[in-house]
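Below is one structure, written out as structure tokens; the observations come after it.
In what follows, chains are A, B, ... by sequence order, proteins preceding strands, each numbered from 1.
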There are 2 protein chains.
Amino acid sequence: MNLRELSDLLGLSQTTVSRALNGYPEVREATRKRVAEAAKAHNYHPNTRAKSLATGRTMSIGHVIPLSSQHEMVNCVFSDFIAGAGESYARRGYDMRVSVVDDAEEAEAYMRLAQTGKVDGVIVHGPRLDDERIPLLHNLGLPFVVHGRSTNCETPYSWLDVNNRSAFRRATDFLLDLGHRRFGLVNGIEEMDFAHRRRDGYTSALQDRGIVVDPALTHAFEMTEPFGYAKTCEMLDGDAPPTAIIASSLIPALGVRRAVEERGLVMGKDVSIICFDDALSYLPNGAGSPIFTATRSSVRDAGRRCGEMLMDQIEGQTTDPVHELWEAELVVGGSTGPAPMAT
Amino acid sequence: MNLRELSDLLGLSQTTVSRALNGYPEVREATRKRVAEAAKAHNYHPNTRAKSLATGRTMSIGHVIPLSSQHEMVNCVFSDFIAGAGESYARRGYDMRVSVVDDAEEAEAYMRLAQTGKVDGVIVHGPRLDDERIPLLHNLGLPFVVHGRSTNCETPYSWLDVNNRSAFRRATDFLLDLGHRRFGLVNGIEEMDFAHRRRDGYTSALQDRGIVVDPALTHAFEMTEPFGYAKTCEMLDGDAPPTAIIASSLIPALGVRRAVEERGLVMGKDVSIICFDDALSYLPNGAGSPIFTATRSSVRDAGRRCGEMLMDQIEGQTTDPVHELWEAELVVGGSTGPAPMAT
DNA sequence: ATCGTTTTCCAAAGCGCTTTGGATATCTGC
DNA sequence: GCAGATATCCAAAGCGCTTTGGAAAACGAT
């Protein structure tokens, strides 16, 4: 059943039927009702392809995820983000178009999305320092919202970010207040903007108290359990093991804990652990009381909000770049405690 | 730059230009070259919307993910699956359209996808027993491939599944051979077909050795860390604690381990643990030697293959339903050992 | 009754591509 | 040199919707 068949059936023109269904005012209430009923009775639904050709809108948002052998973008965090974004999309009749591309072809993927008119806008994931995607999208004229920020980028753009610097600063201060003086950092890859800012918050907190950052105790890599484990083993087995470790995410923190406990040490007593918790729905930081003391901010909520910001932009409800900086909350769990007496 | 502009510029008809670019034979090699060069020079890319209206094909595959407050479909496993599927899609010029829907509207979402012509086919995730989506899609005539199977479903359909029954049977046998006689099961929700089959493999292995399944030691719920933890606490603190626990996934297994170690018990000695490992890229079961003894099958590979099966079906390369049953491999890690002497 | 509005509807022209059904030009073999 | 095949190209008709620019009908005020 297409529009022509439906309008023939009703003895009306396609124009009128189309307008009736799309809520235009120039159609009598009685006819509108008649049309609506016929549409429902015959289970008519406008063909999306034709509709988007006619309107120039696709009602879909692009997410391009680079698939490199090195960094795993398609991870837990990503899936919770899109769950949130998808919710917002659904509420306003959009959906999401995901393209997985080799990371060497990422820029080209964005160009293709813009040129072929596949999407109405895109979300930029995992911005790096001075991220080249931002000026690219700006020039392409494709609406976009960045989840995170890009240090050094001069192009104006809309973003939503967690205050990673203050989150790690507060985490570090919290541990300092507990008497810890020797820290380990298990960070994410520091070309990523969020990891860069976290490192910055961490070092600035230490420097403010006159503590020198030990390069042997700062690590940055993929946020996996084995990485957290391996680096913690190294640190604990080294000359001057840390009494507190800050991890970039719950997942490496699990590895940190494994290394700690494997050595017969007690978490929260011998070694304190703080991590960043993205509040992932399927990997909660304990039920009820948190396992790990953590700086928490829901990535799912971020997805929801990013989606809304982008749709607003597409629909022209906003024109200037919009920024939102969210503060993470510090939740205290069982993984932290006063620094042990010096050995 | 659209087709008309390009053809005007070349002094050719749209027909010829279109054919030249799409590799049809009725165009001279010299003109084809000339067209290709002009297209590249002017950065011409055909408009996707127009193309799909004309061809009736969208070159995209639908994934609908129900978002219930109860079960979290959008989880780690899902994101690795779509990474694999996305790879296959990209290789053949497809991409993926994800719609997040309230789980009450799931059936309607599939109908809408079919009626509005948004996608060329869909992947069905997380089939339940007697899953109603399968006959629905069959009737709609929309090509689909099921990741998993649906017990009791009579409609013929294409699927790819891991042999969950044999995986759990082998895991149970492995533990039986080590002398364990008292087991705990931390399963997924048993309305889900995969969890149902796993339970079946588990109970049949026990029954074959004349062991009665203790309902107090079999649990089924969301596959989260806190659930694994909570149920293991219950079991270990009960009258007759198990010496071996089988978990449905790495994530609850982490909770199981936490409960075990919290009680001063040693994993692989006091309590053996086996889990199903989906070989998630960002949550590997150890680097090098596995942490957990596990039955392993890569969900990412499954995504890749499902994508291919579906595209083959869409392009008419296959006509009859296709089935693939993958065997999981049993990898032995440090979480299992001989049953402790009876207390 | 008449003229200007307003309401209600429609025919037709896109949107940018593919594809059908020729038309014209170029080869064959004899 | 010519009929028949073959290679090369084109005009025009879709695909199924939206939207423009009226036309016809109904209405209101004089």
Students should find that the nucleotides of DNA chain C closing off the region near chain A, any atom under 4.0 angstrom from a heavy atom, are C/dT8 to C/dG16
Going by atom types alone, do B/Ser13 and B/Thr16 pair a side-chain donor with an acceptor below 3.5 Å? yes
When the axes are fitted on five pairs at both termini, how much does the helix from C/dA1-D/dT30 to C/dC30-D/dG1 curve, in 10° steps? 40°
Any protein N or O atoms within reach of nucleotides 24-28 of chain D? Criterion: under 3.5 Å, listing atom names and distances.
none

Using atom CZ of B/Arg32 as one end and atom C1' of D/dC9 as the other, report the distance to the nearest whole Å. 13 Å
If the condition is side-chain contact (heavy atoms from CB on, under 4.5 Å), which residues does B/Thr155 pass it with, not counting sequence neighbours? B/Ile134, B/Pro135, B/His138, B/Cys153
Using the salt bridge (Lys or Arg N to Asp or Glu O under 4.0 Å) rule, take A/Glu87 and A/Arg304 through it: C-alpha gap first, then chi angles, then the decisive distance, then the call. CA-CA 7 Å; A/Glu87 259 180 76; A/Arg304 267 193 209 100; 3.1 Å; yes
In numerical order, the residues of residues 9-22 of chain B whose heavy atoms come under 4.0 Å of DNA chain C are B/Gln14, B/Thr15, B/Ser18, B/Arg19, B/Asn22
Tell me whether the rings of A/His125 and A/His147 are parallel (<30°), tilted (30 to 60°) or perpendicular (>60°). perpendicular
Please name the residue in the list A/Asn22, A/Val27, A/Leu10 that meets the side-chain contact (heavy atoms from CB on, under 4.5 Å) test with A/Val17. A/Leu10
Hey, does A/Asp312 have a side-chain heavy atom less than 4.5 Å from the side chain of A/Met309? no
Strictly by modelled atom types, are A/Asp130 and A/Thr151 linked by a side-chain donor-acceptor pair under 3.5 Å? no
Would you say B/Asp193 and B/Ser150 are linked by a side-chain donor-acceptor pair, where the criterion is simply a distance under 3.5 Å? no
Testing the 3.5 Å rule here: is there a donor-acceptor pair between the side chains of B/Asp120 and B/Thr58? yes
Any side-chain donor near an acceptor of the partner, A/Arg57 and A/Tyr94, under 3.5 Å: yes
Qualifying residues under side chain to side chain donor-acceptor pair (under 3.5 Å), relative to B/Arg305, sequence neighbours excluded: B/Glu308, B/Glu324
Identify whether the distance between the nearest side-chain nitrogen and carboxylate oxygen of A/Glu108 and A/Arg112 falls below 4.0 Å. yes
Passes salt bridge (Lys or Arg N to Asp or Glu O under 4.0 Å), A/Glu29 versus A/Arg32? Steps please. CA-CA 5 Å; A/Glu29 209 42 54; A/Arg32 185 193 306 285; 3.5 Å; yes
Indicate, with a heavy-atom threshold strictly under 4.0 Å, whether A/Thr31 touches base, sugar-phosphate, or nothing. sugar-phosphate
